[in-house]
Number of protein chains: 2
Amino acid sequence: MKKVSESTIARLSVYLRLLTELAAAGVTTLASGELARRCGTSAAQVRKDLSFFGTFGKRGLGYSVPELTEALRGILGLERRWRVALIGAGKIGAALMAYQDFRRQGFDIVAVFDADPARVGTEWQGLVIQRDADLETSLQGIDIAIVAVPASAAQGVVNRVVAADVRAILNFAPTKLDVPEHVAVKTVNMALELEGLSYALVNEARGARRVTSRPAASRG
Amino acid sequence: MKKVSESTIARLSVYLRLLTELAAAGVTTLASGELARRCGTSAAQVRKDLSFFGTFGKRGLGYSVPELTEALRGILGLERRWRVALIGAGKIGAALMAYQDFRRQGFDIVAVFDADPARVGTEWQGLVIQRDADLETSLQGIDIAIVAVPASAAQGVVNRVVAADVRAILNFAPTKLDVPEHVAVKTVNMALELEGLSYALVNEARGARRVTSRPAASRG
DNA sequence: CGGGACTTGTGAAACCATTCACAATCCAAC
DNA sequence: GTTGGATTGTGAATGGTTTCACAAGTCCCG
């Protein structure tokens, strides 16, 4: 299999979301142009993205919504459920527990950890908060770790998560994380986005125009 | 001024965060190589990023931490404070209100709106939740709107926000937004990141390797 | 069964971002 | 001063992603 860019993978997620919506609305068939229009990209881009993984359409007709949906779910690894651990039961952690929308996509938070003894042992959305000290042992069988601790603690937590053989991390700490090659990291950083908006606002005033693409999440 | 990519702007934010940290630790001078190492990029990339905006270093020596900090704050438009409105007082909105870390970077949430009559009028972190119907009038003087409503309601809200002359939007709804050319939009989409991790996990098993860059936030 | 309208899949071209490589510059030490 | 070691700023080269353009395939209709 060829090397596929993160941009492509992100777009596949977007396509999948739209397809799910359209399927619910009873749409059975869809052309690349329409898919592109509704996802904010180009028809050529849609076809190129899909072409990395096979051929899914019918010439002259477009794509079958249920078939493409299934194909994308397979590509993205969404045919199974993933076991997720949340590390850090602070404000962000609380929001994630409350807003478990991603459960619908197959991501189940099955363990929660915190370093604060006052929080350990309390129940939270049906889960008991575990001691930070138990990380190593309790991360057995976890696929993805969500790191929602202060920036200063993040690298330390990540080292222990990696040692526990977790190979995917969703990071909410605004800091760079060093991980081995085989561990995937994605970072969500709201402050960064706000600063991007700030730049856009002052530069609109300065007369600058449209900017282009976006930065890389690290891996390895 | 030349066209500058969003990747560059995002990295400038990262540099600024590190510089702030280093300044607090008493570091006064810094070379591009060290800055790069600590931010997960390359020395050449750091220098190229900065070169779009001027020359800030001293050959043979590196960059003055306070001077570069000030320069970056200027470039990113962080020398002033921004007035932010939060639209949607649900789970995500609640997390944002509670976790106001970005206040330190100059972003003040000064208004909150919700469509649910049960929530309107209640006080929340010192702000009274306003009626959705008052959006148009109450958005006067707002620089940035945070859209934290369900995907199905997002485009409608955005249209009204744009009509109220807000020119920057931070979107938490997992949906594409259509906005005029002059409005900047950044989207935060956790489900997308999780799906990227899912892909990485299944593809590691399939034997694929390292992927590269990341998707674009829309503008216009 | 053949023509026309439409759409896919894909090599090639265009575009954009990153890395390279080096001249220009600076500081410190002697 | 002058030498040596270090670092920036930047044009050129490289590498990667997106767009273009078109042959090949599909369906519908008469």
Side-chain angles (χ1 to χ4, degrees), chain A residues 1-12 14-15 27-65 67-68 71-72 75 208-219, chain B residues 1-12 14-15 27-65 67-68 71-72 75 208-219:
Chain A
M1 181 177 291
K2 303 290 281 301
K3 191 189 40 174
V4 178
S5 77
E6 283 192 37
S7 312
T8 289
I9 302 307
R11 281 191 300 267
L12 294 184
V14 174
Y15 303 159
V27 178
T28 59
T29 234
L30 185 66
S32 61
E34 178 67 6
L35 178 49
R37 193 184 61 75
R38 311 228 358 206
C39 291
T41 182
S42 71
Q45 183 74 76
V46 167
R47 298 201 300 273
K48 182 68 86 179
D49 286 339
L50 296 175
S51 76
F52 289 116
F53 299 96
T55 103
F56 306 102
K58 278 212 174 29
R59 293 176 188 225
L61 190 44
Y63 301 88
S64 148
V65 170
E67 278 172 26
L68 187 54
L72 289 178
I75 292 165
R209 264 289 152 277
R210 188 176 279 267
V211 283
T212 46
S213 148
R214 216 160 129 214
S218 70
R219 177 181 173 110
Chain B
M1 182 177 288
K2 304 290 282 302
K3 192 188 40 173
V4 177
S5 77
E6 282 192 39
S7 312
T8 289
I9 302 306
R11 281 191 300 267
L12 294 184
V14 174
Y15 303 158
V27 178
T28 59
T29 233
L30 185 66
S32 61
E34 179 67 5
L35 178 49
R37 194 185 60 75
R38 312 232 351 208
C39 292
T41 182
S42 70
Q45 184 74 78
V46 167
R47 298 200 300 272
K48 182 67 85 181
D49 286 339
L50 295 175
S51 75
F52 288 116
F53 299 97
T55 102
F56 306 101
K58 280 211 173 30
R59 294 175 188 226
L61 191 44
Y63 301 89
S64 148
V65 170
E67 278 172 26
L68 187 54
L72 289 177
I75 291 165
R209 265 290 152 277
R210 189 174 277 269
V211 284
T212 46
S213 147
R214 209 153 136 225
S218 71
R219 175 179 176 114

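To find a chain, count down the sequence lines: A is the first, B the second, and so on, and within it residues start at 1. Every heavy atom of this structure was used, including side-chain atoms; hydrogens, water molecules and symmetry mates were not.
- For D:dT19, the OP1/OP2 oxygens have a side-chain nitrogen or oxygen of A:Ser42 closer than 4.0 Å.
- Side-chain N/O atoms of B:Thr55 include one lying less than 4.0 angstrom from OP1 or OP2 on D:dG9.
- Across every non-hydrogen atom of A:Ala43 and A:Ala36, the tightest pair is N-CB, 3.4 Å.
- Within the 4.0 Å cut-off from OP1 or OP2 of C:dG9, at least one side-chain nitrogen or oxygen of A:Tyr63 is found.
- The nucleotide whose nearest atom lies closest to any side-chain atom of B:Arg59 is, among D:dT17, C:dA17, C:dT25, C:dT25.
- When the C1' atom of D:dT17 is taken as reference, atom NZ of A:Lys48 falls 10 Å away, rounded to whole Å.
- When rounded to the nearest whole Å, the span between CD of B:Glu6 and P of D:dT17 equals 17 Å.
- D:dT7 atom C1' lies 13 Å from atom CG of B:Leu35, rounded to whole Å.
- Put simply, CG on B:Leu61 is 16 Å from C1' on C:dA29, counting in whole angstrom units.
- Computed from coordinates, the B:Ile9 CD1 to C:dA17 P distance equals 11 Å when rounded to whole Å.
- Atoms CG (B:Asp49) and P (C:dT19) sit 10 Å apart, rounded to a whole Å.
- Across the interface with DNA chain D, nearest-nucleotide mapping of B:Gly60 and A:Lys58 shows B:Gly60 to be the residue nearer the 5′ end.
- The nearest whole Å value for the distance from the CZ atom in B:Phe56 to the P atom in D:dG9 is 8 Å.
- Here the closest heavy-atom approach between residue A:Leu68 and residue A:Leu50 is recorded as CD1-CD2, 4.0 Å.
- One interatomic measurement links the two molecules: CD of A:Glu67 to C1' of D:dT26, which rounds to 15 Å at whole-angstrom precision.
- Using a 4.0 Å heavy-atom distance criterion, B:Ser32 is classed as a sugar-phosphate-only contact.
- Close to C:dT19, at under 4.0 Å from its OP1 or OP2, lies a side-chain N or O of B:Gln45.
- For the side chain to side chain contact (heavy atoms under 4.5 Å, CB included) with B:Phe52, the qualifying choice from B:Ile75, B:Thr8, B:Ile9 is B:Thr8, the only one to do so.
- A pairwise comparison of heavy atoms in B:Arg47 and B:Tyr63 identifies CG-OH, 3.7 Å as the closest pair.
- In this structure, A:Arg47 does not reach the D:dT18 phosphate: none of its side-chain N or O atoms is under 4.0 Å from OP1 or OP2.
- Among all heavy-atom pairs drawn from B:Leu12 and B:Leu72, the shortest one is CD2-CD2, 3.8 Å.
- Nearest nucleotide to the side chain of A:Ala44, out of D:dC20, C:dA17, C:dC20: D:dC20.
- The side chain of A:Lys3 contributes an N or O atom lying less than 4.0 Å from OP1 or OP2 of D:dG16.
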